[in-house]
Amino acid sequence: MGKDLSHLRETYGERGVDRADLADDPFTQFGRWFEEWRATDPYDATAVALAAAGGEGRPSVRNVLVKGVDHGFVFFTNYQSAKGAELAANPQAALCFGWLDVERQVRVVGPVEQVSVEESDAYFSSRPRGSQVAAVASDQSRVVADRSELERRWAEVEARHPGEVPRPAHWGGYRLVPDELEFWQGRRNRLHDRFRYRRADPIEAGRAWVIERLAP
Ligand SMILES: Cc1cc2nc3c(=O)[nH]c(=O)nc-3n(C[C@H](O)[C@H](O)[C@H](O)COP(=O)(O)O)c2cc1C
């Protein structure tokens, strides 16, 4: 039985975005919008959908948590997971932040690289012990027989490391260094505002990023 959802319809608001409102640098712009999103007290402000496609080009998407934004967007995972295999075959990815409570979306696209082992070590050691144990115990994306198998493995790893839990070499960070970002603001009549930042290569008129308005 299908489910008709066509009557569920929201009206997007009056708050617009103009070119003059935007920072020249997309990371500055991201920071402003991120703080406004965070001020709405969402459950986990750092969650973002991460899309990748392996060698065959079949896309996949899942949520991850962004743990840092510098010249790129950093997230942590298991390098041997499905996403790890995809990113090894095709080191390009996209992020989509769906900040619906503020009627905004931010999209980010670009190449992905593994962060340094020092960065992965530093983040891993900052995690709660239970999460560290889970990172060792879980062969992420592999089939498991049942919940008890997971819990048994977790308990084994926990017992094996009464002190510090060492970071497994296959667990660490990626940094997506964008060459394109898009900031979307919902507007009335679906006439939304969209601005795309494209990395200028070479730098154009002293600007590192070209900013263009896109049709909604
Ligand atoms: C809100 C949220 C945050 C998540 N954060 C992470 C994360 O930071 N790293 C991670 O490996 N998985 C995270 N997950 C789990 C992933 O969505 C996914 O299930 C897992 O990474 C396996 O994906 P894969 O099989 O495509 O590699 C998160 C899930 C949710 C719902």
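Ligands are counted one by one from 1 in listed order, and the atoms in each one are counted from 1 as well.
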In a check of ring pair (Phe, Tyr, Trp, His ring centres under 6.0 Å) between Trp184 and each of Trp99, Trp33, Tyr12, which one passes? Tyr12
Part of Gln140 within contact of ligand 1 (heavy atoms, under 4.0 Å): side chain
Best match, Asn63, Val61, Thr46: closest heavy atom to atom 4 (C) of ligand 1: Asn63
Looking only at protein heavy atoms, identify the closest one to atom 24 (P) of ligand 1 and say how far it is in Å. Ser141 OG, 3.5 Å
Quick check: do Arg175 and Glu119 have side-chain heavy atoms less than 4.5 Å from each other? yes
Are the side chain of Asp25 and the backbone of Phe27 linked by a donor-acceptor contact shorter than 3.5 Å? yes
Take the angle between the ring planes of Phe73 and Phe30 and call it parallel below 30°, perpendicular above 60°, tilted in between. perpendicular
Which atoms from ligand 1 have a heavy atom of Lys83 less than 4.0 Å away? 11 (O), 20 (C), 21 (O), 22 (C), 23 (O), 24 (P), 26 (O), 27 (O)
Does some non-hydrogen atom of the protein lie less than 4.0 angstrom from atom 8 (O) of ligand 1? yes
Side chains of Gln140 and Gln80 in contact at under 4.5 Å (non-hydrogen atoms): no
Does Tyr197 reach the side chain of Leu22, with side-chain heavy atoms less than 4.5 Å apart? yes
Looking at ligand 1, does any of its N/O atoms fall within less than 3.5 Å of an N/O of Leu65? yes
Students should be able to answer this: which protein heavy-atom is nearest to atom 18 (C) of ligand 1, and at what distance? Arg62 CG, 3.9 Å
Contact region, Phe75 to ligand 1, non-hydrogen atoms below 4.0 Å, reads neither
Does a side-chain heavy-atom distance below 4.5 Å link Val177 with Arg199? yes
Do me a favour and list the nearest non-hydrogen protein atom to atom 5 (N) of ligand 1 with residue, atom name and distance? Val64 CA, 3.2 Å
A student checking ligand 1 against Thr77 at a 4.0 Å heavy-atom cut-off should list atoms 10 (C), 11 (O)
Answer yes or no: is there an ion pair linking Arg38 with Asp44, defined by an N-O contact shorter than 4.0 Å? no
Mark up the atoms of ligand 1 that fall under 4.0 Å of a heavy atom belonging to Phe76, in ascending order. 7 (C), 8 (O), 9 (N), 10 (C), 11 (O)
